[in-house]
Amino acid sequence: VQLQASGGGLVQAGDFPKLSCTASGVSFYNYGMGWFRQAPGKEREFVAGISWSGARTSYADSAKGRFTISRDNAKNTMYLQMNSVNPEDTAVYYCAAKFRASATVASYDYWGQGTQVTVSS
């Protein structure tokens with residue numbers, strides 16, 4: 001299983017960056033997916049999850065109302081639309097996958113390499 005995250009970079013506060021995570025080597029539609037992030041000096045934290053069916057999503061409090069997780073099984077790709085970002089959203093964002101997982105699964109089996117998002121004020 002390979003997960004490739006992309007879409008990060010330097011953005012301005014208030015911008016709307018969109019992250020992508022493309023999977024290969026798996027039947028993507030069978031996998032629950034999640035986004036995590038790790039800021040400098042902090043532990044990795046959950047951001048959002050989407051069930052393998054796509055019917056359910058879950059969000060950390062910090063992401064509710066601002067971020068939207070989605071998936072396109074035809075493209076083997078998951079997305080994180082980030083709205084109105086602020087400097088506290090600066091982190092390396094990682095995508096993760098687990099077979100037949102719900103949106104609130106406790107752990108994931110496969111991880112991507114991460115994409116850096118830096119929000120300037």
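Heavy atoms only: backbone and side chains are in, while hydrogens, waters and symmetry mates are out.
Among residues two or more places apart in sequence or in another chain, the salt bridge (Lys or Arg N to Asp or Glu O under 4.0 Å) test is passed with Arg44 by none. Remark: Thr118 engages Gln116 in a side chain to side chain donor-acceptor pair (under 3.5 Å) (not counting sequence neighbours). Listed by chain and number, the residues in a side chain to side chain donor-acceptor pair (under 3.5 Å) with Thr115 amount to none (sequence neighbours excluded). For Gln81, the side chain to side chain donor-acceptor pair (under 3.5 Å) partners two or more places apart in sequence, or in a different chain, are Asn83. In terms of the salt bridge (Lys or Arg N to Asp or Glu O under 4.0 Å) criterion, Arg71 has no residue partners (sequence neighbours excluded).
Residues Leu80 and Val47 meet the side-chain proximity criterion, which asks for heavy atoms closer than 4.5 Å. Side-chain contact check for Leu3 versus Met33: some heavy-atom pair is nearer than 4.5 Å. You'll find the side chain of Met82 stays beyond 4.5 Å of the side chain of Arg66, heavy atoms only.
Both Ile50 and Val1 are members of a single hydrophobic cluster when ILVMFWY side chains are connected at heavy-atom separations under 4.5 Å.
Sorted by first and then second residue, the pairs that involve residues 29-39 and meet salt bridge (charged side-chain N to carboxylate O under 4.0 Å, His left out), not counting sequence neighbours, are Arg37-Glu45, Arg37-Asp89. Applying the salt bridge (charged side-chain N to carboxylate O under 4.0 Å, His left out) test to pairs two or more places apart or on separate chains, those with a residue in residues 49-62 are Asp61-Lys64. For residues 105-120, the set of pairs meeting the salt bridge (charged side-chain N to carboxylate O under 4.0 Å, His left out) definition, not counting sequence neighbours, comprises Lys98-Asp109. Within the structure, ring pair (Phe, Tyr, Trp, His ring centres under 6.0 Å) pairs that include any residue of residues 95-121 comprise Tyr31-Phe99, Phe36-Tyr108, Phe36-Trp111 (at least two apart or interchain). Listed by first then second residue, pairs satisfying ring pair (Phe, Tyr, Trp, His ring centres under 6.0 Å) with a partner in residues 64-97 number zero, not counting sequence neighbours.
Within 6.0 Å of atom CD in Gln38, more than 12 heavy atoms from other residues, nucleotides or ligands are found, so the atom counts as buried in its surroundings.
Side-chain contacts under 4.5 Å among hydrophobic residues (ILVMFWY), followed directly or transitively, place Trp52 with no other residue at all.
When all heavy atoms are compared, the tightest approach of Ser102 to Val105 is OG-N, 3.3 Å. Nearest heavy atom pair, residue Ala103 against residue Ser58, reads O-OG, 2.6 Å.
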Return a table of donor-acceptor pairs under 3.5 angstrom between the side chains of residues 8-26 and protein atoms on other chains or two or more places apart.
unit_1 : atom_1 : unit_2 : atom_2 : d
Gln12  : OE1    : Ser120 : OG     : 3.4
Gln12  : NE2    : Ser120 : OG     : 3.3
Asp15  : OD2    : Gln12  : N      : 2.9
Thr22  : OG1    : Thr77  : OG1    : 3.2

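With values rounded to the nearest 0.5 angstrom, Ser62 atom OG is found 9.5 Å from Phe46 atom CZ.
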message: Thr57 vs Tyr59, test: side-chain contact (heavy atoms from CB on, under 4.5 Å). Steps then yes/no.
response: CA-CA 7 Å; Thr57 58; Tyr59 297 91; 3.6 Å; yes
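Under the 3.5 Å distance criterion, the side-chain polar atoms of Tyr29 are left unmatched by any main-chain donor or acceptor of Gly54.
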